[in-house]
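From a predicted model like this one, the values you see are computed outputs, not experimental measurements. Numbering of ligands and ligand atoms starts at 1, following listing order.
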Amino acid sequence: MQYFKQLLADLKQHRPLLILALLCILVEALADLSVAAVLRTGVDAITGGSYQDLLAVGIWFTVITVVMTGVVFVRRLALGRFGEQAGAQMRQQAVEKLNRLPISYLEQHHSGDLISRLTNDVTLVREFLAGGLMPLIYFPLSAVGALIYLLIINWQLTAAVIVVTPVLAAAVTLISKPIHQASRQLQDSLGDINSQVQDSIAGSFEVKAFGIEVEREKKFQSFVKRSLQHGLKLGRQQSLMHAVSYLVGLTPFLICFGYGGYLAISGRLSIGSLFAFINLLNHVSNPLTALPHYIGQYHRAMAGYGRIQELLEIPEEPVGGVTDPADNDTALEFCGVSFGYGESELFKDLSFQIKKGEITALVGPSGSGKSTIFKLITGFYRPNSGTINIFGHEYAKWDPQQLRSRISLVTQDPFLFPTTIKENIAFGRLGADDDQIAAAAKAAAAHEFILQQPHGYDTVVGERGSRLSGGQKQRIAIARAFLKDAELLLLDEPTSALDMEAEHLVQQALERLMQDKTTLVIAHRLSTIKNADRILVIDQGRIVEAGTHEELLQLKGTYYRLYQTQLQQAG
Ligand SMILES: Nc1ncnc2c1ncn2[C@@H]1O[C@H](COP(=O)(O)OP(=O)(O)OP(=O)(O)O)[C@@H](O)[C@H]1O
Ligand SMILES: [Mg+2]
């Protein structure tokens with residue numbers, strides 16, 4: 001119920017549609033009752049042989065039919081619109097949220113499940129609002145109205161009929177309780193299936209190359225099985241509820257035929273009243289038989305809404321703060337930074353300083369935390385303790401967007417959007433013109449190969465840039481960085497996917513890019529960082545050596561060993 005209230009509060013702006021629908025439902029309920037009244041008069045007119053009453057009944061029926069037709073049309077239209085608007089609003093909110101979710105959250109959660117919340121769960125809520133909500137309001141309303149009318153017709157018969165109803169209604173409520181939990185489990189398992197499907201598509205190359213189709217299928221089957229189990233459990237609970245509700249629905253008719261028939265035969269109830277009674281009883285018993293279905297739909301929709309809300313409630317990065325660098329020489333400073341993704345710490349008390357305009361290289365074994373340092377600089381993760389100062393301000397004081405506009409990041413595995421090469425480069429600086437884009441591509445040694453593509457700069461690169469080679473993608477990412485022209489450059493192995501020749505070209509380009517900028521570059525191939533002003537060697541969460549290429553070679557420590565190994569491999 002709490003979720004339902006929250007849902008209605010969220011949809012405040014579409015309330016007129018809901019109010020219109022409620023009015024229609026009220027009219028429908030009244031019209032239903034008047035059908036019983038007309039039926040009563042009609043049957044009595046027939047048994048009494050009054051043509052005049054029969055004519056009046058005919059006119060009334062016509063009026064009710066016309067009114068009902070119009071009202072049902074308007075109600076369906078209003079609720080249909082209400083559902084669509086609500087669906088669109090939730091989707092919009094969820095998509096906006098997705099763009100604002102912290103990287104730390106996205107890296108720990110599967111995108112398939114997030115997509116399932118945006119699609120399956122939103123659909124559940126939309127369908128409930130457009131279809132399932134009406135009976136939940138209409139049935140109780142018309143049942144109460146019918147009950148009052150039944151009391152007016154004959155209170156003894158009504159009392160006999162309804163004495164069983166509360167017991168039956170309580171049974172239905174009790175049985176419906178576990179349905180919410182089962183619905184939630186089903187929705188969660190559908191989210192998991194979505195994640196699996198996405199993995200199989202994204203990893204289709206690996207699946208085939210490693211021949212792990214059967215393993216993937218098995219894994220998929222286990223997820224399908226779990227979802228099937230949840231679905232079956234939900235089905236069992238719903239079946240039980242339906243069965244009980246039939247019992248609940250038919251019992252009053254049994255009593256009505258027995259006791260009502262006796263009253264009619266003994267002349268204490270007219271035939272018309274008995275007809276009306278049976279008709280009205282439908283409005284009491286129908287809800288009891290039909291409601292379980294709609295209660296089930298309600299629970300599934302609320303479980304879905306709960307999953308959407310969970311997504312919307314994830315805390316976002318704070319906005320606002322300092323927008324300009326302080327006037328000092330230090331570009332970047334880590335002071336006693338400790339950090340770990342989970343329980344264990346990756347960095348303990350990490351401290352270093354980088355002056356403006358310096359080129360600093362980060363070197364270290366795979367998994368030592370080099371890329372993580374970039375994630376800390378860009379604020380995708382926050383340190384557990386210690387502080388990071390960038391351009392003279394503590395990270396927490398910066399407006400994150402403003403800060404990131406001053407940083408160009410070329411990641412290890414650059415992502416390209418499935419659009420044109422031109423657009424992919426233009427993300428570096430929105431609004432850049434064709435000449436600026438071409439200049440950036442030339443600087444990144446990408447211009448030549450771009451011109452060789454079927455449509456040049458307008459060639460579409462495919463999902464994640466799948467129609468380009470690794471080195472081509474990397475050069476487009478570098479062109480992006482050129483275009484952005486930010487004062488702090490973070491290069492995470494920018495030339496790792498290039499051959500010697502292309503690497504040489506890009507290396508020259510990068511050196512041009514690094515001029516009068518502060519650069520942090522991660523490199524495995526040590527030959528590419530010989531010219532760095534300073535090299536920081538990272539191992540097991542600490543800086544173990546620092547200095548220029550020559551200084552570090554003289555130390556004959558970790559760097560020396562790494563360098564010797566690479567020389568031997570190359571030679
Ligand atoms: N999102 C994450 N969640 C949990 N652990 C992570 C995450 N990203 C990285 N790690 C772990 O943190 C450690 C450091 O990873 P990082 O990517 O910083 O290494 P790296 O030095 O850049 O390695 P490489 O040279 O192979 O790129 C690794 O042990 C890795 O498993
Ligand atoms: Mg890395």
Checking Glu96 against Gln92: is there a side-chain donor and acceptor pair closer than 3.5 Å?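 Indeed, the side chains of Gln92 and Glu96 share at least one donor-acceptor pair under 3.5 Å.
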Is the shortest distance from a Lys or Arg side-chain nitrogen in Glu448 or Lys442 to a carboxylate oxygen in the other one below 4.0 Å?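 Looking at Lys442 together with Glu448, the answer is no, because their closest N to O distance does not fall below 4.0 Å.
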Electrostatic pair Arg406:Asp324 at N-O distance under 4.0 angstrom: yes
Indicate yes or no: at least one non-hydrogen side-chain atom of Phe352 is less than 4.5 angstrom from one of Leu332.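 Yes - at least one pair of side-chain heavy atoms lies under 4.5 Å apart.
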Side-chain contact test, heavy atoms from C-beta onward, threshold under 4.5 Å: evaluate it for Leu468 versus Gln453 and give yes or no.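 In contact.
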Minimum non-hydrogen distance to atom 22 (O) of ligand 1, winning option of Ser371, Gly541, Ser104, Pro365: Ser371
Please write down residue, atom name and distance for the protein heavy atom closest to [atom].
atom                    : answer
atom 23 (O) of ligand 1 : Gly367 N, 2.8 Å
atom 1 (N) of ligand 1  : Glu107 OE1, 2.7 Å
atom 27 (O) of ligand 1 : Gln412 NE2, 2.7 Å

So is Ser368 in contact with ligand 1, going by heavy-atom distances below 4.0 Å?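 The answer is yes, since Ser368 has a heavy atom less than 4.0 Å from ligand 1.
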Report yes or no: does Tyr381 have a heavy atom closer than 4.0 Å to ligand 1? yes
Please find out if the Mg ion (ligand 2) and some N, O or S atom of Ser366 are separated by less than 2.8 Å. no
Give a yes/no answer: is there an N/O/S atom of Thr372 under 2.8 Å from the Mg ion (ligand 2)? no
Can you give me the OE1-the Mg ion (ligand 2)-OG angle for Gln412 and Ser371, to 10°?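 With the Mg ion (ligand 2) as the vertex, OE1 (Gln412) and OG (Ser371) sit 90° apart.
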Scan Tyr395, Phe374, Tyr341, Phe347 and name whichever one has a ring-ring contact (aromatic ring centres under 6.0 Å, His included) with Tyr381. Tyr341
Examine Gly369 against ligand 1 and note whether any of their N/O atoms are separated by less than 3.5 Å. yes
Classify the contact between Asp492 and ligand 1 as side chain, backbone, both or neither, using a heavy-atom distance cut-off of under 4.0 Å. neither
